[in-house]
Amino acid sequence: MAAGQKEQMDRIRTCPVCGREFTDRTRKYCSPKCSKEGYRKRQAKYSIEKYHTEKDKQNKEAKKPKKESSLERLAKEAREARMTYGQYVALGYAEIKRG
């Protein structure tokens, strides 16, 4: 075994959850319990970030003024004239036919 490999195996690591020191070259956490706790914390952080970015997108979309379609405009005019949409459109059609 080469000196570099031996040094790599004996590397002392610190558990990011509990702070305990351990030697292992592949593990990040000292125990399965700390591994589960680390996973739970990462998932909570991800959920919070995802929730806030979606909420920010919704707020930005809500602030944009909506473009009113011709149908919405006609319906609004009909309500202001105290008519139904059908009556208002029929009235407009009759005016066009009369000329």
Checklist entry - Given the rule that I, L, V, M, F, W and Y join up when any side-chain heavy atoms are under 4.5 Å apart, are Val17 and Tyr46 in one cluster? => result no
Output the distance between atom [atom1] ([X]) and atom [atom2] ([Y]), rounded to the nearest 0.5 Å.
{"X": "Arg79", "Y": "Leu74", "atom1": "CZ", "atom2": "CG", "answer": "11.0 Å"}
{"X": "Cys15", "Y": "Lys28", "atom1": "SG", "atom2": "NZ", "answer": "10.0 Å"}
{"X": "Cys30", "Y": "Phe22", "atom1": "SG", "atom2": "CZ", "answer": "6.0 Å"}

For [X] and [Y], work out which heavy atoms get closest and say how close.
{"X": "Glu72", "Y": "Lys67", "answer": "OE1-O, 4.0 Å"}
{"X": "Ala78", "Y": "Tyr88", "answer": "CB-CB, 3.5 Å"}
{"X": "Pro16", "Y": "Tyr29", "answer": "CG-CE2, 3.5 Å"}

Checklist entry - Taking NZ, NE, NH1 and NH2 as the nitrogens, is one of them in Lys33 or Glu37 under 4.0 Å from a carboxylate oxygen of the other? => result no
Next on the checklist: Does atom CZ (Arg42) have a neighbourhood of more than 12 heavy atoms from anything else shown, all under 6.0 Å?
Outcome noted: yes
Checklist entry - With no hydrogens and no angle check, is any side-chain donor or acceptor of Arg13 less than 3.5 Å from a backbone partner on Arg27? => result yes
